Participant: 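To start, I am sharing the structure in question, which I have written as structure tokens.
Below, chain A is the first sequence line, B the second, and so on; all start at residue 1. Fair warning: this is a prediction, and the values are worked out from it, not measured in the lab.
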There are 2 protein chains.
Amino acid sequence: MKSQFGERVRTLREKQNLYLRQVAPLLEMDTAQLSKIEKGLRQLKREQIPIIAEILKASSDELMTLWLADQIYEVVKDEKMANEAMQVAEQKLNFIKRKKK
Amino acid sequence: MKSQFGERVRTLREKQNLYLRQVAPLLEMDTAQLSKIEKGLRQLKREQIPIIAEILKASSDELMTLWLADQIYEVVKDEKMANEAMQVAEQKLNFIKRKKK
DNA sequence: CTATATTTGCCAAGATTTGACAAGTCAATA
DNA sequence: TATTGACTTGTCAAATCTTGGCAAATATAG
């Protein structure tokens, strides 16, 4: 499981019977780049997520969630304190959210 | 709450009655940089965490946890799907961990 | 073998982060 | 109010990291 985002994009693309060469230009990149993105070797730019969601007729929220999860995972993988750090981050997140209401 | 790591470092440093000018050289930086780190405007390098932990007679694990939490928070702050993403990342983390055992 | 789809390797260009310094604020106090 | 010491802020070039684009390699199907 290299990149949840990439794997999901590939699945969706295949479900739509689209080739890299068809999708890549819509994102203004070449097939090599999109291939790397699907394999998790590169990151799609955050602002392109809604675009690819539309191309693949998928939920932008779902793809954004997977994309963010990949970024988080990149930070904590191989870290002994990963779980503790996630918990602390979550608490901060909820604390800030509560404050904003 | 800008940076949990930075705030903790400052607290620990003050508890030890140390000045920036005393601590900074031990990390091979100037006081300006360390000041920014404590205020969350810069990140300490990951590999320097054990060093600062020793200087401040603090737990390396604790500081690493806060440092990682800051990195995670940076990824998800202001994101609508933040909580969902954290959950997905956590699942992946536990999945991988289970596999490694 | 040929054609098409995808993957991989490379490296220059672009973007981001850091290091270093100078100048600034602030508080205590002579 | 002038001085000193601690800390902060702004700037910018250098260092580091990431991306874009191309060419060549591989894979698959006919």
Side-chain angles (χ1 to χ4, degrees), chain A residues 1-52 55-56 63-64 66-79, chain B residues 1-52 55-56 63-64 66-79:
Chain A
M1 188 182 5
K2 274 198 172 167
S3 148
Q4 311 215 59
F5 177 79
E7 285 181 6
R8 185 78 181 111
V9 165
R10 175 146 301 187
T11 301
L12 288 164
R13 178 173 63 79
E14 287 171 345
K15 209 179 292 179
Q16 301 280 333
N17 290 307
L18 294 169
Y19 298 126
L20 288 178
R21 119 182 107 72
Q22 297 175 287
V23 175
L26 301 174
L27 294 163
E28 300 181 80
M29 59 177 68
D30 68 3
T31 61
Q33 275 174 91
L34 186 50
S35 169
K36 285 170 191 166
I37 287 167
E38 289 186 351
K39 310 199 96 204
L41 303 172
R42 295 270 169 108
Q43 304 299 129
L44 189 68
K45 289 209 187 96
R46 193 198 168 287
E47 63 267 28
Q48 291 180 305
I49 295 173
I51 301 172
I52 202 171
I55 295 169
L56 301 177
L63 291 182
M64 182 63 78
L66 296 177
W67 185 90
L68 288 170
D70 283 348
Q71 317 301 309
I72 296 167
Y73 184 74
E74 194 56 33
V75 170
V76 297
K77 70 170 179 195
D78 306 329
E79 291 288 353
Chain B
M1 188 178 11
K2 274 197 173 170
S3 148
Q4 311 216 56
F5 176 79
E7 286 183 6
R8 185 78 182 111
V9 165
R10 174 144 302 185
T11 301
L12 289 164
R13 178 172 63 79
E14 288 172 344
K15 209 179 292 179
Q16 300 281 331
N17 289 306
L18 294 169
Y19 298 126
L20 289 178
R21 119 181 107 71
Q22 298 174 286
V23 175
L26 300 174
L27 295 164
E28 300 180 78
M29 59 178 67
D30 68 3
T31 61
Q33 275 175 89
L34 186 50
S35 169
K36 284 170 190 164
I37 286 167
E38 289 186 350
K39 308 199 99 204
L41 303 172
R42 295 268 170 110
Q43 302 300 126
L44 189 68
K45 290 209 187 93
R46 194 198 166 288
E47 63 267 27
Q48 291 181 304
I49 296 174
I51 301 171
I52 202 170
I55 296 169
L56 301 177
L63 290 182
M64 181 63 78
L66 296 177
W67 185 90
L68 288 170
D70 283 347
Q71 318 299 310
I72 296 167
Y73 183 74
E74 194 56 34
V75 170
V76 297
K77 68 169 182 198
D78 307 328
E79 291 289 352

Participant: Between C:dT18 atom P and B:Q43 atom CD, what is the distance in whole Å?
Facilitator: 7 Å
Participant: In whole Å, I'd like the distance from the CD atom of A:Q48 to the P atom of D:dT19.
Facilitator: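 My rounded result for the distance is 11 Å.
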Participant: What is the separation between atom CG on B:D30 and atom P on D:dT9, rounded to the nearest whole Å?
Facilitator: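 Result: 14 Å.
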Participant: Determine whether a donor-acceptor pair (N or O, by modelled atom type, separation under 3.5 Å) exists between the side chain of B:Q16 and the backbone of B:L12.
Facilitator: no
Participant: Between B:Q48 (side chain) and B:L27 (backbone), is there a donor-acceptor pair under 3.5 Å?
Facilitator: yes
Participant: For every nucleotide of nucleotides 3-12 of chain C, 5' to 3': is a protein heavy atom under 4.0 Å from its base (B), only from its sugar-phosphate (S), or from neither (-)?
Facilitator: --SSBBBB--
Participant: Hey, is the main chain of B:R46 close enough, under 3.5 Å, to the side chain of B:W67 for a donor-acceptor pair?
Facilitator: no
Participant: I need the single residue from B:R13, B:Q33, B:K2 that forms a side chain to side chain donor-acceptor pair (under 3.5 Å) with B:E38. Which is it?
Facilitator: B:R13
Participant: Would you kindly give the CZ-to-C1' distance between A:R46 and D:dT19, to the nearest whole Å?
Facilitator: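 Rounded to whole Å, this separation is 19 Å.
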Participant: For B:E28, does the CD atom sit with more than 12 other heavy atoms under 6.0 Å from it, leaving out its own atoms?
Facilitator: no
Participant: With A:Q22, which of A:L26, A:L20, A:L18 fulfils side-chain contact (heavy atoms from CB on, under 4.5 Å)?
Facilitator: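 By the side-chain contact (heavy atoms from CB on, under 4.5 Å) criterion, A:Q22 pairs with just one of A:L26, A:L20, A:L18: A:L18.
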Participant: Any side-chain N or O of A:K45 under 4.0 Å from OP1/OP2 of C:dA15?
Facilitator: no
Participant: Nearest whole Å is fine: how far is D:dT8 P from B:M29 CE?
Facilitator: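 Answer to the nearest Å: 14 Å.
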